[in-house]
Amino acid sequence: MRTRDIGDDPRTRRARTGAASVFPVPAQRLAVVDLGNELHTRPHVGAMSARLNWSVLHLHEAEELGWALTVNRPAAVLVIIPADLPPDPTTVARVRRATRAPIAVLADVTGPQSVALISAGADTVLPTSTREEEMGARVLALVRRAAEGSDSGARYLLSGPLRVDLWQREATLDTEPVRLTNTEFKLLVCLMEAGGQVVPASRLTSRVWGWAGGDDGLNTLRIGVGRLRRKLGDTVHEPRFVLSVRGSGYRFGGQVTEVGAREEERRTSETGSDLLLAERLARRCEELASAPDARSAASLVARSLVQEGTVDAIGLHLLDGDRLQLVAHHGFSAAWQEAAQELRLADSGFAAVRTLTAEEPVQLRRFSTKAGYARTAALAHVELPGTYLFVPLRSGSSVVGAMGLHRHSSEPFGPLSITYLKAVAALCGVCLSARRRTTST
C-alpha cells in the first residue's frame with residue numbers, strides 16, 4: 001500500500017493546465033481500492049484526480065483496507081473492479097464499514113450486478129468508459145452532498161440551552177426554534193463538531209461553501225458568522241457560542257455533548273425511560289439468577305444486551321491473576337474472539353485494562369495513535385470501526401472484570417445508556433464472582 005499524487009504523472013500533467021478551476025474545491029484525497037492492481041492501465045482516473053487537484057491513496061491489499069480507510073479519512077473512494085473478476089459486493093460492504101465517505105464503483109456490470117453493488121454500500125456505479133470530466137463531476141457531486149451532512153455519528157448536539165437536531169436539520173435555543181438557513185446550519189454544525197478547537201477560516205469556507213478560500217471567501221465567511229451570531233443572540237463583544245480567534249478562524253464557545261438517536265428517544269419516551277430501564281434491569285437479574293454457572297450467566301446477559309438493541313456486540317472478561325480472561329461474547333467475529341481471548345494487565349494498550357485500573361467507564365469513538373489504546377485499536381480494526389465503551393465489573397468494593405461494548409456506527413453512548421450499562425455490569429460482577437467462588441469450592 002502506498003500514497004502518491006498521480007497528478008505528478010507525466011500522462012496527467014496536461015489535465016492540470018487551466019483545468020483545476022473547473023472543479024474549485026480544496027485539495028483532498030481520493031482512495032482508490034484497486035485489488036486487481038491495474039490502476040496504471042486506467043490513465044483517465046489519474047487525469048480525473050489531477051482535474052480535482054486531489055492526491056491518491058492507492059490501496060491494493062485487502063487485509064489493510066479497513067485500517068487505511070479509517071485512518072486516512074479520504075474525501076471519496078473509487079473501487080475498481082477488473083474485467084476478469086466478478087463484481088464483489090463484499091469488498092464494497094467492507095469499504096462502507098470503514099468509511100462514511102461516498103463510494104463510486106468503476107466496473108462494466110449488468111443491471112442486477114449494479115443493484116447488488118449499490119445495496120452493499122456503493123453510491124454510484126460508473127462504466128469503465130466514463131470520461132474523466134464526467135467521472136470527476138459525479139465524484140465531486142457525491143462529495144458535496146456528503147459534506148452537507150455531519151461528521152458525527154450522533155443525532156443531536158447539545159450545548160446548554162442550544163440543541164441541534166442533525167437529522168431534521170433544526171436548531172432550538174431555550175426551546176424556541178432558531179430559523180437558520182442551510183448555510184448557517186452547516187456553519188454552526190462545523191463549529192460545534194470541532195470539540196472546542198479552532199476551525200481555520202479556510203476549512204469553514206471549503207466545508208460550508210465549497211470554496212478554496214481567497215478574499216471573497218473570507219468576506220462571505222464574516223457575513224455568515226455575523227448572521228449566525230445574531231440569530232443565536234450573540235454580540236461581537238460578548239459572544240456566547242461563536243468566538244473569533246484572531247488570525248486563525250473561529251471556535252465554538254460552549255461545551256458540546258453528542259447524543260445518539262436511541263439515547264434521546266429513551267430520554268423523551270412517553271412511556272418513561274426510568275420504567276423501561278427498571279424493567280430491563282429486572283430481566284437481567286432474572287437471567288443471572290436462572291443460569292447454572294458463571295459462563296452461562298455471562299452469555300445470557302451478553303445475548304440480551306444485543307437483542308434489545310442497546311449494543312451491537314459485547315465481550316465480558318473476568319480477572320484471573322495477572323490477566324483478563326474472556327468468558328462470554330456475542331456479536332463479535334471468531335477472529336475477534338481469538339485475539340481478545342486473553343488480555344494481560346501489564347499491557348496498558350488495552351482499554352479494558354485501563355478501565356480496570358481507573359475503575360471508571362472509558363468510551364472510544366475515534367481511534368488515533370495519540371489515544372494510548374493501540375492494542376484496542378488493533379482489535380477494533382480486526383472487527384469494525386465504531387464506538388466502543390468499556391465498563392468495570394464490580395463485586396462490592398473490588399473490580400473483578402471488564403465489559404466491552406460496541407456499536408457499529410459512531411453513535412456515542414449517552415449518559416442514560418452508560419448508567420444502565422454500569423448497573424448491568426455491577427449485577428454481572430456480583431453474580432459472576434459468586435458463581436465462580438461456588439464452582440471453585
Side-chain angles (χ1 to χ4, degrees), residues 100 147-199 203-204 207-208 224-225 227-235 238-245 249-277 309-311 360-366 386-389 391 405-423:
R100 298 181 70 240
E148 293 178 0
S150 164
D151 286 339
S152 170
R155 175 172 179 175
Y156 303 95
L157 302 178
L158 309 178
S159 180
L162 180 62
R163 180 178 183 272
V164 174
D165 186 334
L166 298 172
W167 294 6
Q168 297 296 325
R169 304 183 69 79
E170 297 173 347
T172 58
L173 182 63
D174 293 321
T175 70
E176 293 295 324
V178 181
R179 306 298 182 187
L180 299 178
T181 65
N182 183 54
T183 298
E184 292 162 354
F185 183 86
K186 288 194 290 184
L187 179 58
L188 175 60
V189 170
C190 191
L191 290 169
M192 293 184 74
E193 287 185 337
Q197 301 297 311
V198 176
V199 184
R203 171 166 169 73
L204 288 170
R207 172 73 182 271
V208 178
V225 167
R227 290 173 175 168
L228 177 61
R229 279 175 167 165
R230 284 193 293 274
K231 292 185 178 182
L232 295 177
D234 273 3
T235 64
E238 295 183 359
R240 207 174 23 157
F241 298 113
V242 182
L243 309 183
S244 301
V245 181
Y250 299 89
R251 71 176 179 87
F252 191 77
Q255 181 70 34
V256 178
T257 301
E258 298 177 346
V259 178
R262 286 182 284 186
E263 180 72 21
E264 183 72 0
E265 287 165 5
R266 292 192 189 103
R267 190 170 68 87
T268 60
S269 172
E270 293 181 0
T271 60
S273 58
D274 291 342
L275 178 59
L276 173 64
L277 294 186
T310 300
V311 298
E360 290 293 338
V362 173
Q363 180 164 205
L364 302 175
R365 295 184 55 223
R366 298 180 179 92
T387 302
Y388 288 80
L389 177 69
V391 182
L405 308 125
H406 172 55
R407 282 178 175 169
H408 294 331
S409 72
S410 56
E411 177 185 345
F413 290 89
L416 192 62
S417 291
I418 293 175
T419 300
Y420 168 58
L421 292 168
K422 285 172 65 177

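Please read all numbers here as calculations on a predicted model, not as lab measurements.
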**Donor-acceptor contact present, side-chain Arg251 to main-chain Val245, <3.5 Å** = no
**Request:** Mind checking the CE-CZ spacing from Met192 to Phe241? Nearest 0.5 Å is all I need.
**Result:** 8.0 Å
**Request:** Please tell me if the side chains of Tyr388 and Val362 come closer than 4.5 Å, counting only heavy atoms from C-beta onward.
**Result:** no
**Message:** Do Val225 and Leu204 make a side-chain contact, defined as non-hydrogen atoms from C-beta onward lying under 4.5 Å apart?
**Reply:** no
**Item:** Identified side chain to side chain contact (heavy atoms under 4.5 Å, CB included) counterpart of Leu162 within the set Asp174, Thr172, Leu188
**Value:** Leu188
**Request:** Supply the atom-to-atom distance Leu243 CG to Leu191 CG, rounded to the nearest 0.5 angstrom.
**Result:** 9.5 Å
**Message:** Nearest 0.5 Å, please: how far is CG in Leu232 from CG in Leu180?
**Reply:** 6.5 Å
**Request:** Provide the closest heavy-atom pair for Val199 versus Ala194 in the form atom of the first, atom of the second, distance.
**Result:** CG2-CB, 3.4 Å
**Request:** Check whether any side-chain N or O of His406 sits under 3.5 Å from a backbone N or O of Leu389 as a donor-acceptor pair, and report yes or no.
**Result:** no
**Asked** So do the side chains of Phe185 and Val164 get within less than 4.5 Å of each other, counting heavy atoms only?
**Response** yes
**Prompt:** Take atom NZ in Lys422; do more than 12 heavy atoms of anything else shown fall under 6.0 Å from it?
**Reply:** no
**Prompt:** Which atoms form the tightest heavy-atom contact between Arg179 and Lys231, and what is the distance?
**Reply:** O-NZ, 2.8 Å
**Asked** Are the side chain of Glu238 and the backbone N or O of Thr235 linked by a donor-acceptor pair below 3.5 Å?
**Response** no
**Prompt:** Would you say the side-chain atoms of Ser159 and Arg240 include a donor-acceptor pair closer than 3.5 Å?
**Reply:** no
**Asked** Side-chain contact, heavy-atom cut-off 4.5 Å: Gln363 with Ile418?
**Response** yes
